Amino acid sequence: MSRSTTGTAVETAPARPRLDRYQGTTLVGIFFLAVGSVGFGIDIGVSSVCVSAALLLMAPKSHPKIVDNVAWPAVVLVCGMLTYMAVLTQNGTLDFLGNTVSAAVAPLFTALILCYAVGILSTFASSTATIGIALPLAMPLLLGGEVGVLGFVAAIVFSATVVDVSPFSLHGVMILANAEVEDKIRFQRKMLAYCGVVVLFAPLIVWALVVVPTSV
C-alpha cells in the first residue's frame with residue numbers, strides 16, 4: 001500500500017502469479033491424458049505413468065518425496081485384485097456362480113445374494129466393472145418377472161457404489177494416498193471397518209426397502 005501527496009492511501013494491485021515450465025508441462029500432460037483416453041482410446045493408466053515419469057525427470061531434485069509418498073502396497077493390492085477379477089470373469093466362474101444361485105433359491109433371495117456379492121466384490125474392485133459383471137448375471141432372474149427390474153438395478157448400483165471408499169478400491173486408494181493424517185495405517189483400518197459395516201448391512205437394507213416392495 002502506498003500514500004499519495006494528498007494523503008490518500010492507494011492500494012497496489014498484487015502481482016499475478018505466472019506459470020513456470022513445470023506447471024505448464026503438468027497442464028499439457030493433463031490435456032494429453034484427456035485427449036488420448038477419450039479421443040484415441042489410449043490406456044489412461046499407462047499414459048498417467050508416462051506423464052508422471054516425464055515430470056519427475058524434468059525436476060528430479062525438486063520432488064524427492066513424491067515416490068516415497070505413493071501407497072505402493074495399496075497399488076499392488078488393487079492391481080492384484082483387478083487381475084483376479086479378470087481371471088474369474090474370463091474362466092466363467094462368476095457366470096457359474098450366478099446361474100447356480102439363480103436355480104437354487106427363490107428369486108427374492110437370489111436378489112439379496114447378488115446384492116451382497118456385488119457389495120463384497122466392489123470392495124476390492126471397480127464399482128463400475130462390478131456393476132457391468134453383475135447385471136448380465138442377473139438377466140435370467142429379471143426375465144423371470146418375479147423381481148422388479150428398476151428396484152433390483154437400483155439396489156445393485158447402490159450396493160456397488162456405497163463401498164467406494166474401501167481402502168482396496170480405486171477411489172479408496174486415492175483417498176488414502178492423499179489423506180493428510182499422522183497414522184495412515186490407522187486411517188486405513190478405520191476405512192476398512194466402515195466398509196465392513198456397510199457391506200454387512202447396506203445390501204440387506206436396500207433389498208428390503210427397494211427390491212421387495214417392487215417385486216411380485
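Predicted model only: the values in this text are computed from it and were never measured.
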Hphob cluster co-occupancy, [X] + [Y], side-chain heavy atoms under 4.5 angstrom:
X: L200; Y: I205; answer: yes
X: I44; Y: V49; answer: no
X: F32; Y: I30; answer: no
X: V28; Y: M58; answer: no

How close do [X] and [Y] get, counting heavy atoms only, and between which atoms?
X: V211; Y: A155; value: CG2-CB, 3.5 Å
X: V199; Y: G119; value: CG2-O, 3.9 Å
X: W207; Y: L108; value: NE1-O, 2.9 Å
X: P203; Y: L112; value: O-CD1, 4.1 Å
X: L55; Y: T25; value: CD2-CG2, 3.6 Å
X: V157; Y: T161; value: O-OG1, 2.8 Å

Is there side-chain contact between [X] and [Y], with at least one heavy-atom pair below 4.5 Å?
X: L33; Y: S48; value: yes
X: T214; Y: L150; value: no
X: V163; Y: Y194; value: no
X: I42; Y: V46; value: no
X: L114; Y: F152; value: yes

Q: Report, as yes or no, whether the 6.0 Å neighbourhood of atom CG on L27 holds more than 12 heavy atoms from other residues, nucleotides or ligands.
A: yes

